[in-house]
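Contents: one structure, followed by commentary.
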Amino acid sequence: MATAVKLEASWLAQLETEFRQPYMRELKQFLQAEKRAGKRIFPPGDEIFSAFNHTPLQRVKVVILGQDPYHGEGQAHGLCFSVRAGTRIPPSLQNIYREIQRDLGIGPPTHGDLTAWADQGVLLLNSVLSVECGLAASHQRRGWEQFTDRVIEVVNRQRDGVVFMLWGSYAQRKGSIIDTHRHCVLRSTHPSPLSAHRGFLGCGHFSAANDYLRARGETPIDWQLPPLE
């Protein structure tokens with residue numbers, strides 16, 4: 001896996017040893033076997049690590065934790081909650097846009113591609129980085145969770161003043177190691193239609209993140225997504 005996928009240099013310096021661990025070798029073998037069996041894996045191999053390649057470690061300002069990639073055709077491209085241009089905006093992302101509009105007065109975009117956030121320093125990190133087409137959560141407990149736990153440890157240790165947005169109980173458990181004295185941790189329910197009305201809508205996380213960054217002398221995130229050409 002380490003040789004097949006290009007990982008941005010600052011992340012590779014911190015994570016290279018992980019690729020030599022038994023659990024990652026087993027994960028690589030699992031993915032290779034699935035592909036040999038003719039199964040379609042999302043996102044494509046060259047996009048599995050897109051979150052890292054768009055957001056180098058030294059530029060991380062905000063971390064949003066997701067769980068699994070979307071398993072529908074043409075959706076996942078390596079950034080949590082984000083979908084390719086031309087794909088229908090998923091319900092959870094629609095609720096994220098609703099909260100941004102309520103919180104910041106920014107109207108919802110016509111697409112679901114969050115690459116512009118990633119390029120500003122928003123690490124859009126799923127806990128699991130691959131999935132089989134049409135089978136939600138099919139690659140859970142194969143090793144990805146251990147790898148992304150390590151990613152959170154690296155951000156927690158190597159960076160200061162990062163805003164972590166932990167939406168839902170799963171993300172909150174995964175982010176439990178974060179040092180709240182060094183970082184800003186924002187918690188709410190998940191933006192899923194099943195839970196968004198129980199706390200996500202109205203959470204104010206996007207303005208809170210920018211207020212925190214400004215107070216530290218950092219450039220805030222422009223949450224308004226540009227139209228796609």
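Remember, it's a predicted structure, so these values are computed and weren't measured experimentally. Along the sequence shown, residues are numbered consecutively beginning with 1.
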**Asked** With distance as the sole test, does S82 use its side chain to make a donor-acceptor pair with the main-chain N or O of G112 at under 3.5 Å?
**Response** yes

**Item:** Test side chain to side chain contact (heavy atoms under 4.5 Å, CB included) applied to V122 and W223, step by step
**Value:** CA-CA 10 Å; V122 182; W223 296 105; 4.1 Å; yes

**Message:** Let's go through Q158 and Q58 carefully: what are the C-alpha distance in whole Å and the side-chain angles of both, what is the deciding distance for side chain to side chain contact (heavy atoms under 4.5 Å, CB included) to 0.1 Å, and is it a yes or a no?
**Reply:** CA-CA 8 Å; Q158 296 288 334; Q58 67 272 14; over 6 Å; no

**Prompt:** Just by modelled atom types, is the E8 backbone N or O under 3.5 Å from a matching donor or acceptor in the N53 side chain?
**Reply:** yes

**Asked** Would you say the side-chain atoms of S195 pair up with the backbone N or O of H190, donor to acceptor, closer than 3.5 Å?
**Response** yes

**Item:** Residues that E99 engages under salt bridge (charged side-chain N to carboxylate O under 4.0 Å, His left out), provided they are two or more places apart
**Value:** R102

**Item:** Heavy-atom check, side chain of M24 versus side chain of R20, under 4.5 Å
**Value:** no

**Item:** Side-chain heavy atoms of C80 within contact of L125, under 4.5 Å
**Value:** no

**Asked** Can you check whether L194's main-chain N or O pairs, donor with acceptor, with R198's side chain at less than 3.5 Å?
**Response** yes

**Message:** Between Q21 and Y23 (side chain of the first, backbone of the second, donor and acceptor by atom type, cut-off under 3.5 Å), is there such a pair?
**Reply:** no

**Prompt:** Less than 4.5 Å apart, any side-chain heavy atom of Q140 and any of Q67?
**Reply:** yes

**Message:** Applying side-chain hydrogen bond (donor to acceptor under 3.5 Å, both in side chains) as the test, list every pair that has at least one member in residues 107-122; sequence neighbours left out.
**Reply:** H54-D119, D113-T115

**Complete:** When E18, E145, E16 are each screened for salt bridge (Lys or Arg N to Asp or Glu O under 4.0 Å) with R150, the one that passes is E18

**Message:** Under 4.5 Å side-chain heavy-atom separation, chaining through any Ile, Leu, Val, Met, Phe, Trp or Tyr, what else clusters with Y170? Say none if it is isolated.
**Reply:** none

**Message:** Just checking F81 against W167, ring centres under 6.0 Å apart?
**Reply:** yes

**Message:** If we ignore hydrogens and angles and just use 3.5 Å, is the side chain of T189 paired with the main-chain N or O of F200 as donor and acceptor?
**Reply:** yes

**Request:** Just do the side chain to side chain contact (heavy atoms under 4.5 Å, CB included) check on L31 and S130 with the steps written out, would you?
**Result:** CA-CA 9 Å; L31 293 172; S130 64; 3.6 Å; yes

**Asked** Do the two ring centres, one from F49 and one from H77, sit under 6.0 Å apart?
**Response** no

**Message:** Is there a side-chain contact between K61 and T219 in this structure, where contact means two heavy atoms from C-beta onward sitting under 4.5 Å apart?
**Reply:** yes

**Prompt:** Taking the side chain as C-beta and beyond, is there a heavy-atom pair between R88 and Q94 under 4.5 Å?
**Reply:** yes

**Prompt:** Heavy atoms, side chains only, cut-off 4.5 Å: are L225 and Y97 in contact?
**Reply:** yes

**Criterion side chain to side chain contact (heavy atoms under 4.5 Å, CB included) on I41 and K35, from CA distance to verdict** = CA-CA 7 Å; I41 307 300; K35 290 178 180 178; 4.1 Å; yes

**Fill in**
Smallest heavy-atom separation, V83 atom then P90 atom, equals CG1-CG, 3.7 Å

**Request:** Keeping the roles fixed (side chain from N156, backbone from D179), state whether a donor-acceptor pair exists under 3.5 Å.
**Result:** yes

**Prompt:** With the 4.5 Å side-chain cut-off for hydrophobic clustering, are V185 and Y212 part of the same group?
**Reply:** no

**Prompt:** Can you find a pair of side-chain heavy atoms, one from W144 and one from S127, that are under 4.5 Å apart?
**Reply:** no

**Message:** Using a 3.5 Å distance criterion without hydrogens, assess whether the side chain of Q14 forms a donor-acceptor pair with backbone atoms of L57.
**Reply:** no

**Any donor-acceptor pair under 3.5 Å from D68 side chain to V131 backbone** = no

**Message:** Do L123 and V62 make a side-chain contact, defined as non-hydrogen atoms from C-beta onward lying under 4.5 Å apart?
**Reply:** no

**Request:** Would you confirm whether S192, through its side chain, and S92, through its main-chain N or O, come within 3.5 Å as a donor-acceptor pair?
**Result:** no

**Residues E47, R84: salt bridge by 4.0 Å N-O rule** = yes

**Prompt:** Any salt bridge between E73 and R40, counting N to O under 4.0 Å?
**Reply:** yes

**Message:** Using side chain to side chain donor-acceptor pair (under 3.5 Å), reason through T148 and K174 one step at a time and then give a plain yes or no.
**Reply:** CA-CA 9 Å; T148 52; K174 192 170 181 69; 3.0 Å; yes

